[in-house]
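Note that the coordinates shown come from a computational prediction; the quantities given were computed from them, not determined experimentally.
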Amino acid sequence: MHPTRRFALMPATAIEPANARRRARVLRLAGLYALTPDIDNTATLLAKVAAALDGGASAVQYRHKTAPESLRRAQAAALARVHAARGALYIVNDDPALAAAVGADGVHIGAADDSIASAREWVGPDRVIGVSCYDDLERARLAVAAGADYVAFGSFFPSATKPHARRASIALLAQARMLDVPVVAIGGIDAGNAPALVDAGADAVAVIHDVFAHDDPNDIRDAAAALAGCFSRRRGATAS
């Protein structure tokens, strides 16, 4: 059997338990969603991610746009072991085959990546698929209809990572709530502007620079804690 078809022929009795596992994973996407920067030194990368998790990140996405395939595979596998020990949600950027190979919780894809259907064949019914929707609510609707488990919008603020990215309106977050999947905000987010996105309806904020720009693990932990804390008010309001 070709490896890209290995999940397509699952027996019907196995599908519903797998879907339940995926739904449980999706529910963990809430709060700080830390995206890794391009770091070639794997030990440094692992230390920084561990510090972000200590600070309260609920999910981490492995993202290294410039690494050779061998390094990406080694780093993705190493991070999978960290997440297995810590229990946070672990997503791989762009590469469904790599996500499946290292046992990640899911994959995140953009406009230039594989289709949702192709990604699902790789990762199977029990893993999460997230989709970048930029400033386009219709793209998000179509993605959810095709099986996306969460949608991400942005850039909401100027971003050093993608300085020329399309800008999204904060009002889009409230509109996206009707899609009934978690809504992630991305782009230039820090502890100062994150509360506006949380108040507008973001379930999670995806952050690279404000978390990982620090060298000291304590500073990374504190930055992560500040961002995670932006969701405390919403949790308190829900509880009351």
Side-chain angles (χ1 to χ4, degrees), residues 25 28-29 32-55 57-86 88-116 118-119 122-123 127-134 149-150 152-155 158-166 184-190 204-217 219-221 223-224 227:
R25 281 171 160 150
R28 291 156 58 195
L29 184 58
L32 172 59
Y33 185 4
L35 277 56
T36 64
D38 292 353
I39 298 175
D40 289 343
N41 186 300
T42 300
T44 299
L45 175 66
L46 297 179
K48 289 196 171 199
V49 168
L53 294 172
D54 286 342
S58 64
V60 173
Q61 181 184 126
Y62 173 60
R63 180 183 184 278
H64 195 326
K65 296 290 189 179
T66 62
E69 182 179 355
S70 58
L71 178 61
R72 291 182 69 248
R73 290 185 68 86
Q75 290 188 334
L79 282 173
R81 292 190 290 272
V82 171
H83 283 267
R86 299 295 189 99
L89 195 72
Y90 178 38
I91 305 295
V92 170
N93 180 262
D94 286 353
D95 194 335
L98 181 58
V102 302
D105 291 300
V107 66
H108 185 93
I109 57 177
D113 300 320
D114 288 347
S115 68
I116 294 171
S118 176
W122 272 111
V123 302
R127 291 189 175 97
V128 173
I129 296 177
V131 177
S132 292
C133 298
Y134 313 104
D149 298 297
Y150 73 85
F153 295 99
S155 177
S159 168
T161 303
K162 291 187 176 182
H164 304 296
R166 283 182 272 173
V184 178
I186 189 171
I189 300 171
D190 56 33
V205 292
V207 182
I208 302 175
H209 186 269
D210 198 54
V211 173
F212 292 114
H214 311 282
D215 293 324
D216 187 331
D219 292 335
I220 294 173
R221 182 198 61 210
L227 283 156

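By the side-chain contact (heavy atoms from CB on, under 4.5 Å) test, A104 pairs with Y90, V92, A99, V102, sequence neighbours left out. Residues passing the side chain to side chain donor-acceptor pair (under 3.5 Å) test with R73, sequence neighbours excluded: none. For R25, the salt bridge (Lys or Arg N to Asp or Glu O under 4.0 Å) criterion is met by D105, D126, not counting sequence neighbours. Taking the side chain to side chain donor-acceptor pair (under 3.5 Å) definition, one finds that D216 meets it with nothing, sequence neighbours left out. Applying the salt bridge (Lys or Arg N to Asp or Glu O under 4.0 Å) criterion to R166, with sequence neighbours excluded, gives D135. Partners of I186 under the side-chain contact (heavy atoms from CB on, under 4.5 Å) rule, at least two apart in sequence or in another chain, are L35, A206. Checked against side-chain contact (heavy atoms from CB on, under 4.5 Å), S155 has the following partners two or more places apart in sequence or in another chain: S159, A165, R167. In this structure D210 satisfies the side chain to side chain donor-acceptor pair (under 3.5 Å) test with no other residue, sequence neighbours excluded. For N93, the side-chain contact (heavy atoms from CB on, under 4.5 Å) test picks out Q61, R63, K65, H108, with sequence neighbours left out. In this view, R86 and D54 satisfy the side chain to side chain donor-acceptor pair (under 3.5 Å) rule, not counting sequence neighbours.
By the neighbour-count criterion of 12 heavy atoms within 6.0 Å, atom NE2 of H214 is densely surrounded, having more than that number from other residues, nucleotides or ligands.
A donor-acceptor pair is defined here as one N or O able to donate and one able to accept, closer than 3.5 Å; no such pair exists between the side chain of Q75 and the backbone of Y62.
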